[in-house]
Amino acid sequence: MNPVTVERHPYQNLLVKVIGAKNIRSRDIGSESDCYVQAHIPTASSQPQCTVTVNNSSNPVWNHTFKYHIYTGIKNNEELEVEFELHECTDTPGEILTNGVLAKETTLKSSELMDVRLRTCLCQEETRFLELRRPLVARALKKALGLKADLDPKQVPVVAVLGSGGGTRAMTSLYGSLLGLQDLGMLDCVTYLSGVSGSTWCMSALYENADWSCESLSGPIAKALISTSGEKMSAYSLSRLSYYTEELRRMQAEEQNVSLTDFWGLVVEFFLYRQEKPARLSDQKKAVACGQNPLPIYAGINVKTDLNAKEFAEWCEFTPYEAGFSKYGAFVRTEDFRSQFNKGHLIKRMAEPRISYLLGMWGSAFAASLDEIWKEVTGKKPEWLNNKEDGVELADDIKKSSKTPSSDGLLTQVVTPSSPISYLFDKLLNSRFSSCQSHNFLHGLNLHSKYHTSHEFMTDTDSHPDTFPSKLTPSEPVLNLVDSGLSINSAFPLVLHAAREVDLILSFDYSWGGHFDVLKLTQQYCSERSIPFPPITLSEEDLKNPKECYIFTDTENPKIPIVLHFPLINQSFRKFKAPGVPRVTPEEKDWGDFVVECSDSPYCTSNFTYSKQQYSRLVELNQYNVLNNKDTLLQALQLALDKRAKKP
């Protein structure tokens, strides 16, 4: 394990001494002015500081020292104003006189060690991982493309696989897509594997095995079938609710911010594992220690409780090494996520959360519709108290697939079971925003030094929070982390981080409807931030009858990644049990004859239980769609290899 690097960063103490002023023209009738000085450094404090008021003086003396803790990596402008306590005013209040002279003395002291990594580049651990992964990818590419000569690892293209959100449908489908890549010998060509919502449930299970991509995926797929087809009703049994109660009470005792999402994480834990799962995200370092698997990147977004996630969403990434925001260039060790920080310093270390809580947060869109999940599991509506004071929009695919949506379909439903432990749930969960409210490791930092020029900040309009330093996330005490599907249902923003230099993106879209929505939203996201992204051109026929695979590229610009997009559709799989092998028997034809999206589909997003047939069909469909587009995949790999060679 590489040692953790603690960075030295230019945070310094600034002392500003205001001595006095001269020749202040009176603003009062019959006496001299009553003056005080207001000092403000917007990058250091959201509120101004003031001296005492010197009464009845045109030459006031204060000898007052203002103290600031500033980040010298940015431009810090101090604003000093002489203010007047007016009695009978003959002039405009607050006007600063040109003949007023202020004298000040400044002193800078101390540089300090930081516990937050403030860099836009990759961390040392990820850089080391890439060094280990490249030779393995080079060998896999040589074999897949039938190349005669060995590839220089430095010229190996970076390939990222994206799994979209979609609950159990996404989890099951990602198993099938990865199995297809493994069958083609292309899984070893992948450097990054990133997921949203339900796809993270598949990923977290895979990375329990340190060598999962080097072994057959049939084992993990069979294991997932057991949990997917198992009953879910006991997740709400009295014994389980008591367990949830004790867990949440323990978190509260540890001064953690407990939310509905934490409760949902415990429900997900039971759905997926049937028992308490001690694993933590940092444990997955073993699965990438030798570069033997793609590096997992899990996605969440930070939102504001008073804004729609489509209007404001900051992408937060989670890897076995770090959690953080490329927008701010700020990251902490994964082990320290949810610990307390102030101005870049770790002030109280909390235990790293079990991955179950992260799974709840990564798939937290479902927490906003727990009553619908209860109905799917038990067959009846729960007699729970619904509190709708706080709101959050559901992901579009959940709203579309819900069989019995609420009248507005948008409001968070914070639920309280009517049981002996209802008091605890009412105390912990009632009137809480449906997000993972974690201690904000950005708190107190001033990370907007380039926000007027950085493409990561939206400053084109006066209304966006990014245009106001005091409204940026470092000023907030907590992070409100939710399901990324509420913004873009695929983690394009994370793999498009410039430092990762991704050449080819394999986009597996398991969304319910809107087969190209993630591409359109990503195109808009990239356009607003000047991020290279290929043009997405689609015909009316594509929108009506989508194909199994699409390739989008810009042959002129090597910096623009290639995107290979796989919508979740059942097209030729109906007639072929394998590429080029038609279905013959009635049983074979019946097996392939199903619709993924329809009013009575078992694959709706709110359904968490599949029969063995339903599960196996979905795995095979996604496996087949990859195998059936082998030539397009090889074409994309060759184009990526060529693009990498053209990069400076």
Side-chain angles (χ1 to χ4, degrees), residues 167-168 170-172 174-175 195 197-212 215 217-254 256 258-287 296 298 318 320 334-335 338 351-364 366-367 370 373-374 376-378 415 417 419-421 424-425 428-429 436 607-612 615:
T168 304
M171 180 190 74
T172 305
L174 184 56
Y175 277 119
S197 195
S199 286
T200 67
W201 302 348
C202 168
M203 291 168 57
S204 64
L206 289 175
Y207 281 88
E208 291 179 15
N209 179 358
D211 298 302
W212 71 265
E215 302 173 0
L217 283 173
S218 59
I221 290 172
K223 187 177 180 180
L225 168 61
I226 297 173
S227 61
T228 304
S229 60
E231 61 85 25
K232 305 295 190 298
M233 187 172 180
S234 52
Y236 301 104
S237 67
L238 184 59
S239 62
R240 295 303 300 176
L241 289 174
S242 297
Y243 163 67
Y244 304 154
T245 300
E246 291 305 314
E247 279 291 295
L248 298 177
R249 181 179 286 147
R250 177 189 57 77
M251 291 178 63
Q252 190 180 46
E254 293 174 355
Q256 292 283 10
V258 181
S259 70
L260 178 63
T261 301
D262 297 305
F263 172 44
W264 171 238
L266 295 173
V267 175
V268 171
E269 177 184 63
F270 180 82
F271 282 2
L272 299 180
Y273 304 112
R274 300 288 181 170
Q275 60 183 354
E276 179 180 341
K277 198 68 177 175
R280 290 168 168 78
L281 180 55
S282 63
D283 295 338
Q284 295 182 12
K285 290 178 183 178
K286 294 178 291 186
Y298 301 89
F318 297 80
T334 297
E335 292 90 337
R338 296 192 86 165
E352 180 185 355
R354 293 189 286 115
I355 200 166
S356 302
Y357 292 106
L358 298 180
L359 292 171
M361 180 265 289
W362 296 329
S364 59
F366 303 100
L370 272 175
I373 295 168
W374 178 287
E376 290 293 329
V377 170
T378 66
V415 295
S419 72
I421 58 171
L424 178 74
F425 280 90
L428 296 184
L429 306 179
C436 175
N607 185 26
F608 291 81
T609 305
Y610 298 163
S611 68
K612 180 178 179 181
Y615 175 88

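Small disclaimer: the values here were computed from a predicted structure and weren't measured.
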How close do [X] and [Y] get, counting heavy atoms only, and between which atoms?
X: Ile355; Y: Ser204; result: CD1-CB, 3.9 Å
X: Glu231; Y: Phe270; result: O-CE2, 4.4 Å
X: Ser364; Y: Thr261; result: CB-CG2, 3.8 Å

Query raised in the report: Which of these passes side-chain contact (heavy atoms from CB on, under 4.5 Å) with Leu359: Trp264, Tyr273, Tyr298?
Result: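 For Leu359, the side-chain contact (heavy atoms from CB on, under 4.5 Å) test succeeds with only one of Trp264, Tyr273, Tyr298, which is Tyr273.
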
Report task. Tell me, with the steps shown, if Glu254 and Arg338 meet salt bridge (charged side-chain N to carboxylate O under 4.0 Å, His left out). Result -> CA-CA 11 Å; Glu254 293 174 355; Arg338 296 192 86 165; over 6 Å; no

Query raised in the report: Are Glu246 and Arg250 side-chain neighbours, meaning at least one heavy-atom pair lies under 4.5 Å?
Result: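 No; the side chains remain at least 4.5 Å from each other.
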
**Report entry** Check: Met171 and Leu272 side chains under 4.5 Å, non-hydrogen atoms
**Finding:**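 Sidechains of Met171 and Leu272: in contact.
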
Query raised in the report: So, for Trp201 and Phe271, is the gap between ring centers shorter than 6.0 Å?
Result: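 Between Phe271 and Trp201, which both carry aromatic rings, the centre distance is not below 6.0 Å.
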
Query - Nearest-0.5 Å distance, CD of residue Glu335 to OG of residue Ser282 - result: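 Result: 4.0 Å between the selected atoms.
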
Query raised in the report: Rounded to the nearest 0.5 Å, what separation is found between the CZ atom of Phe318 and the CG atom of Leu358?
Result: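 CG of Leu358 is found 6.5 Å from CZ of Phe318.
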
Requested in this report: Please step through salt bridge (charged side-chain N to carboxylate O under 4.0 Å, His left out) for the pair Lys277 and Asp283, ending with a clear verdict.
Outcome: CA-CA 12 Å; Lys277 198 68 177 175; Asp283 295 338; over 6 Å; no

Query raised in the report: Without hydrogens or angle criteria, can the side chains of Tyr243 and Glu269 be said to hold a donor-acceptor pair below 3.5 Å?
Result: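 A donor-acceptor contact under 3.5 Å links the two side chains.
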
